[in-house]
Amino acid sequence: MTDQEQPENSPRSVYITGGATTTGLTIIGQLVADGHTVTAHALTSKEANTLRGAGALPVYGDRDDMAVTHGNIKMAEADTVVHLAPMRINTAPLARGGRDAQAAEYAKEVAAVVEAAKQAEVQYFVLTSFAFLYADSAEAVDETAPSRSAGDVTLFAGALAAEKAVLEMGGCVLRVGYLYSDDEDDAMHKLMTQLRRGLPMLHGAPGNKANWLREEDMAPAVLAATTTEHAGKTFNIVSDSAMSEYDFTSSFAEQVGLNLPRPLPGFLANNAYDGTYIALLKTNVSAKNDLAKAELGWEPQYPDVTASMDDLLLTWRASQMA
């Protein structure tokens with residue numbers, strides 16, 4: 001990557017992963033409308049058709065294959081890479097589900113994409129990452145706060161290594177809060193199913209803060225970070241307020257008229273939940289978003305988690321009545 005910033009709004013050739021998601025399609029549509037060329041990775045022919053409809057050129061191949069990704073970036077003559085794919089696993093550990101396998105896949109994939117971009121000598125890289133990567137703190141932290149130790153947690157290690165490499169290349173890192181939305185395949189629907197079943201679950205400690213973001217609020221931040229270079233910068237893309245996973249689940253259960261399941265006994269946790277899941281529940285981080293507001297000109301449309309949840313449930317109910 002070069003140290004020279006590309007002029008704001010000048011046409012770019014952007015290579016994006018995770019483009020077939022709701023957020024990705026919003027980003028692609030805006031980039032194309034603004035005159036940029038977009039090449040997007042597709043996992044399936046259905047995704048490829050969706051990407052074409054949004055105005056992007058779809059390409060195929062395994063994202064964890066560095067040589068294939070490098071070839072795709074070179075073919076696209078991309079000067080900018082936006083790695084949005086990590087956000088598919090950026091959901092809070094609320095409902096049961098394997099996280100170790102996801103973490104291993106993510107670590108391999110993000111290393112391949114970052115190395116491919118480095119070898120292709122792209123000018124700029126925007127990496128979406130995770131707000132839980134800060135070291136635990138009783139106080140709200142900004143981007144100058146230290147990161148946590150990876151220890152033996154694959155997800156932490158892979159994410160921290162990717163961030164370091166991208167920042168050294170002059171790229172930009174967006175540390176995003178746990179995403180939630182009203183999409184039918186969102187983790188919130190899985191949580192609803194688990195609440196209805198009433199099975200014991202891990203709640204996390206009420207005092208362990210976590211960061212959140214309504215998914216609709218992510219696209220403007222990614223666009224702002226992509227179209228104007230912020231070399232070597234990290235931004236927290238989170239709601240204005242933090243909330244523990246316990247309080248989030250409790251509030252959600254109350255609003256949908258369900259009881260919060262009793263906590264799973266500790267001696268059963270290791271059998272029901274994997275190490276990544278438990279490690280995420282133990283994090284305690286409240287991140288500030290002041291820098292993103294000041295330098296990206298970004299404001300969350302849903303700054304308060306509770307108010308946002310009210311709106312989300314209204315949307316759910318309206319769709320069920322339609």
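We use all heavy atoms of the structure for the numbers below, so side chains are in, but hydrogens, waters and symmetry mates are not.
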When you compare the side chain of [Y] with that of [X], does any pair of heavy atoms fall below 4.5 Å?
| X | Y | answer |
| --- | --- | --- |
| Trp212 | Glu245 | yes |
| Phe125 | Cys172 | no |
| Val82 | Thr128 | no |
| Val285 | Asn211 | yes |
| Val110 | Glu105 | no |
| Tyr15 | Thr80 | no |
| Ile237 | Asn289 | no |

Would [X] and [Y] show up in the same hydrophobic cluster when neighbours are defined by side-chain heavy atoms closer than 4.5 Å?
| X | Y | result |
| --- | --- | --- |
| Tyr178 | Val141 | no |
| Val68 | Ile73 | no |
| Val238 | Leu179 | no |
| Leu155 | Ile278 | yes |
| Tyr134 | Val176 | no |

Crowding at [atom1], [X] (>12 non-hydrogen neighbours, <6.0 Å):
| X | atom1 | result |
| --- | --- | --- |
| Gln255 | CD | yes |
| Tyr302 | OH | yes |
| Lys74 | NZ | no |
| Glu295 | CD | yes |

>> Using side-chain contact (heavy atoms from CB on, under 4.5 Å), reason through Leu127 and Leu174 one step at a time and then give a plain yes or no.
In response: CA-CA 6 Å; Leu127 174 68; Leu174 304 180; over 6 Å; no
>> Apply side-chain contact (heavy atoms from CB on, under 4.5 Å) to residues Thr44 and Glu47 and explain how you reach the verdict.
In response: CA-CA 5 Å; Thr44 64; Glu47 280 195 3; 3.5 Å; yes
Does a side chain donor of either [X] or [Y] reach within less than 3.5 Å of an acceptor in the other side chain?
| X | Y | result |
| --- | --- | --- |
| Thr17 | His83 | yes |
| Asn236 | Asp142 | no |
| Asp79 | Ser13 | no |
| Glu215 | Thr23 | yes |
| Asp274 | Thr276 | no |

Where the side chain of [X] meets the backbone of [Y], is there a donor-acceptor pair that is under 3.5 Å apart?
| X | Y | value |
| --- | --- | --- |
| His41 | Gly61 | yes |
| Arg88 | Ala85 | yes |
| Trp298 | Asp217 | yes |
| His203 | Leu94 | no |
| Ser244 | Pro206 | yes |
| Ser308 | Asp304 | no |
| Ser251 | Asp247 | no |
| Thr69 | Met66 | no |
| Gln119 | Glu115 | no |
| Asp65 | Ala67 | yes |

Using 0.5 Å steps for rounding, measure from the [atom1] atom of [X] to the [atom2] atom of [Y].
| X | Y | atom1 | atom2 | result |
| --- | --- | --- | --- | --- |
| Leu314 | Met309 | CG | CE | 12.5 Å |
| Lys282 | Leu202 | NZ | CG | 10.0 Å |
| Asn90 | Gln102 | CG | CD | 11.0 Å |
| Gln30 | Asp34 | CD | CG | 4.5 Å |
| Thr50 | Arg52 | OG1 | CZ | 10.0 Å |
| Thr226 | Ile16 | OG1 | CD1 | 7.5 Å |

>> Does the plane of the ring in Phe235 sit parallel, tilted or perpendicular to the ring in His230? Use 30° and 60° as the thresholds.
In response: perpendicular
> Should the ring pair Tyr273 and Tyr277 be called parallel, tilted or perpendicular, given that the plane angle runs from 0 to 90° and is split at 30 and 60?
Replying inline: tilted
>> Could you check whether Asp311 pairs with Arg214 (Lys NZ or Arg NE/NH1/NH2 to Asp/Glu carboxylate O, under 4.0 Å)?
In response: yes
> Are Asp136 and Lys209 close enough for a salt bridge, meaning some N to O gap below 4.0 Å?
Replying inline: no
Result block: side-chain N/O donor-acceptor pairs under 3.5 angstrom for residues 156-171, not counting sequence neighbours:
from   : atom 1 : to     : atom 2 : distance (Å)
Glu163 : OE1    : Arg175 : NE     : 3.2
Glu163 : OE1    : Arg175 : NH2    : 2.7
Glu163 : OE2    : Ser129 : OG     : 2.6
Glu163 : OE2    : Arg175 : NE     : 3.0
Lys164 : NZ     : Glu168 : OE2    : 2.7

>> Run Lys293 and Asp240 through salt bridge (charged side-chain N to carboxylate O under 4.0 Å, His left out) and show every step you take.
In response: CA-CA 11 Å; Lys293 290 179 177 179; Asp240 290 348; 3.0 Å; yes
> Is the ring centre of Phe248 less than 6.0 Å from the ring centre of Tyr180?
Replying inline: yes
Using every non-hydrogen atom in the two residues, find where [X] and [Y] come nearest and quote the distance to one decimal.
| X | Y | value |
| --- | --- | --- |
| Ala76 | Thr39 | CB-OG1, 3.3 Å |
| Ala40 | Ala56 | CB-CB, 4.1 Å |
| Pro261 | Leu195 | CD-CD2, 3.4 Å |

> Can Glu229 and Arg12 be said to form a side-chain contact (heavy atoms from CB on, under 4.5 Å), step by step?
Replying inline: CA-CA 11 Å; Glu229 292 189 15; Arg12 293 176 177 270; 3.2 Å; yes
>> Could you walk me through whether Val14 and Thr37 satisfy the side-chain contact (heavy atoms from CB on, under 4.5 Å) test, starting with their C-alpha distance in whole Å, then the side-chain angles of each, then the deciding distance to 0.1 Å, before giving a yes or no?
In response: CA-CA 6 Å; Val14 180; Thr37 301; over 6 Å; no
> So Arg99 and Thr154, side chain to side chain donor-acceptor pair (under 3.5 Å) or not? Walk me through it.
Replying inline: CA-CA 10 Å; Arg99 292 297 181 108; Thr154 300; over 6 Å; no
